[in-house]
Number of protein chains: 2
Amino acid sequence: MAKHKGHITIHDIAKALKVSASTISRALKDDKRISEATRKKVIKYAQENGYRPNVVASNLRKQRTETIGIIVPRIDRHFLSTIISSIEHYAHMHGFSVLITQSRESMVAESKAVLTMFNQRVDGLLVSTSLETEDEDNFDLFIKNNIPLVFFDRVPDNDKLNRVVTNDRESSYQVTRRLLNNGHKNIFFVNGPSNILVFRNRLKGFQQALFEKGLTWDDTLYKECDLTQASGRIIAQEILSSDNIPNAIYCSNDTTALSFLQVAQEKGLSVPNDFSLHGFSDEPFSSVLTPKLSTVRQPGEEMGRVAVERLIELIEDDKLSSETVVIPSVIKSRDSDLKIKSI
Amino acid sequence: MAKHKGHITIHDIAKALKVSASTISRALKDDKRISEATRKKVIKYAQENGYRPNVVASNLRKQRTETIGIIVPRIDRHFLSTIISSIEHYAHMHGFSVLITQSRESMVAESKAVLTMFNQRVDGLLVSTSLETEDEDNFDLFIKNNIPLVFFDRVPDNDKLNRVVTNDRESSYQVTRRLLNNGHKNIFFVNGPSNILVFRNRLKGFQQALFEKGLTWDDTLYKECDLTQASGRIIAQEILSSDNIPNAIYCSNDTTALSFLQVAQEKGLSVPNDFSLHGFSDEPFSSVLTPKLSTVRQPGEEMGRVAVERLIELIEDDKLSSETVVIPSVIKSRDSDLKIKSI
DNA sequence: TTGTAGGCGTTATCAG
DNA sequence: CTGATAACGCCTACAA
């Protein structure tokens, strides 16, 4: 096994320079009370001999790892990879390293990841929960031990926690209102599982817009699924085969909306002429579909930045109280939803 | 600063159970020569009191971190996020944690990341190089110290290194041959910068197909760029404004191909009727464009798995010799390139 | 089967 | 300004 052994330590430098190890340690980190001469000598020797500090030893001694952990359902999902990219960027800007784990939507895997992150003694943890996760129990180890923990996007429904979210309810309300104002009375809403807060909030926004128009919500125009392409197709097949196609279909992600678009095309139906279609999440493909998909753009880059900077604040200052930051999404109205002509 | 302090250690357990710390250490890791009774007692106490091993201390002592590092240009690029997802998955299956850093296409950032990874004493490193990186000099620290290092996708041109790549040259050859066989004599090739091996190889494949048809390659039908949407647009504007539009455009990624498609549409040109279009990389949007984009699908999931498993082999066995693994891509022929009718 | 002692490489404290 | 010493938590000869 290739090890980092045989590598030079501060003791080696100390011996060579006939000073103590503490002096080396200090010189290397610009401690004020080291003479300029010594410092220069030490740094010179260190560089010439390829000294590389052992962060592991330092971490152990300092009881601090300058490392944060990220747990997400998947890395290879556009929205999440954007957030992760942002987190990584700002974390390193602040001198933190980043450990990453995927839960792959499994609550058990998530739970194991939490243990691992704890055992690694990360200074803080950033989490977007799995689809199976209903509350914050999985994260008790961090909560009980008062180790900084910030949830983002998919967060537990508990405002005692640190959370960074977008305004799902408001966005969903706006989308629905727009569809209603364009004359669509029958809007079918394909949503994600309602054990997840973001989807509950989107449903609430949907319902609110309906109520305001004096319409009542009933679940004949509502379906929950895991929002995969496959599930989307199954639901699309069903809905678009009925005699009574809804005026508008509103999907809680663009992947599902795409399924509707594809099934529609297979059936010779036209969007937005036969029905309006609205997505959520603004995938890279959404703006290049024909027709261009109207959707909701979530501020991934900023959510990542805010989440990690918040986490680092908490790491640096023990006694901050928890808070929930809301970063607004923006509705991207494109070509897949239209005003009904007769209006 | 919230620390993990006050946390129970093997010494606390030892004291409570009136045995030595080594006994605890052994019991906890199923050392054979501990009595069943002691082991049970220890494990029970550990569980009830929420003992969590300090991996940092263990790492220092063992001179091994069970952690691998990943350095990539960007996390939020579909192909890379797929690879990273795969790496993370298999790494954890083998008990390794994953540290991640982006170079953001900067050689300097990449170099710093290498230092950081070394200082963290990762057991091995996985790298896809930045666009600015021309060779393996940035990674000398790992190479000289004989620490396992595996490159994937964007790799230095040196077969003394461990590398996992796809057959870029062959794929590019196949694509070009197909376009030629379909009657396209003038093929414009938009490639990435040729200081990167993958792009050199794609150019070679392109040229080889030309030569085999008795055609000569000249750079009037060739352009290198950074393959962004913006660069693609600029080149597309230029090419598609000429009186003499090439029979076919072949782009070294799908983003650039998309730019051509969009500019074509803006100019009232039709793909594939006015010119055939071929991409490379199979982005999520490619199969849902109109027309569906013909492209090359790279085996990201498998490349990630092979790279990390190779790395772990190297970590486990010091004296393996280096090798380059080639995992084939597959040509996805769709609707954006067509046989010329007159043929 | 268990205990003792020393050390992994650093940093903090105390002393000079 | 510099040095000696101990400690972070764990692992592993070596001893018993």
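Letters A, B, ... mirror the listed sequences (proteins, then strands); counts begin at 1.
- Between its opening and closing five pairs, the helix from C:dT1-D:dA16 to C:dG16-D:dC1 changes axis direction by 40°, a value rounded to 10 degrees.
- For the 3.5 Å distance criterion, the side chains of A:Asn162 and A:Arg310 qualify, holding a donor opposite an acceptor.
- Rounded to a whole Å, the CG atom of A:Leu60 is 9 Å from the P atom of D:dC8.
- Between B:Tyr51 and D:dG9, a side-chain N or O to OP1/OP2 separation shorter than 4.0 Å is absent.
- Distance CZ (A:Arg61) to C1' (C:dG9): 11 Å, rounded to an integer number of Å.
- Distance A:Gln120 CD to D:dC8 P: 21 Å, rounded to the nearest Å.
- No donor-acceptor distance shorter than 3.5 angstrom exists from the side chain of A:Asn119 to the backbone of B:Val55, with no hydrogens or angles considered.
- In this structure, A:Asp159 has no side chain to side chain donor-acceptor pair (under 3.5 Å) partners at least two apart in sequence or on a different chain.
- Taking 4.0 Å as the cut-off between side-chain N and carboxylate O, A:Lys29 and A:Asp31 do not count as a salt-bridged pair.
- Put simply, CD on B:Glu66 is 20 Å from P on C:dC8, counting in whole angstrom units.
- With sequence neighbours left out, the side chain to side chain donor-acceptor pair (under 3.5 Å) criterion links B:Asp140 to B:Lys144.
- Looking at B:Lys41 and B:Glu36, no side-chain N of the basic residue comes within less than 4.0 Å of a carboxylate O on the acidic one, giving no salt bridge.
- Near DNA chain C, meaning a heavy atom under 4.0 Å away, there are no residues from residues 32-46 of chain A.
- As a whole-Å value, the separation of B:Ile8 CD1 from D:dC8 P is 15 Å.
- The pair A:Glu134-A:Arg154 does not count as a salt bridge, with every side-chain nitrogen at least 4.0 angstrom from each carboxylate oxygen.
- Rounded to an integer number of Å, the gap from CD1 of A:Ile13 to P of C:dG9 is 13 Å.
- The pair B:Arg77-B:Glu105 meets the salt-bridge criterion, with a side-chain N (NZ, NE, NH1 or NH2) lying under 4.0 Å from an Asp/Glu carboxylate O.
- Considering only side-chain N and O atoms, A:Gln63 lies nowhere under 4.0 angstrom from the phosphate OP1 or OP2 of C:dT11.
- Distance NE2 (A:His11) to P (C:dG9): 9 Å, rounded to an integer number of Å.
- In the region residues 16-31 of chain B, proximity to DNA chain D at under 4.0 angstrom, judged on heavy atoms, holds for B:Ser22, B:Ser25, B:Arg26, B:Lys29.
- Looking at residues two or more places apart in sequence or on another chain, you find a side chain to side chain contact (heavy atoms under 4.5 Å, CB included) between B:Glu309 and B:Tyr90, B:His94, B:Arg305.
- Checking B:Glu110 against B:Thr133 by side-chain atom types alone, a donor-acceptor pair falls below 3.5 Å.
- A donor and an acceptor atom, one from each side chain of A:Gln120 and A:Thr65, are nowhere located under 3.5 Å apart.
- The distance between atom CD1 of A:Ile10 and atom C1' of C:dC8, rounded to the nearest whole Å, is 12 Å.
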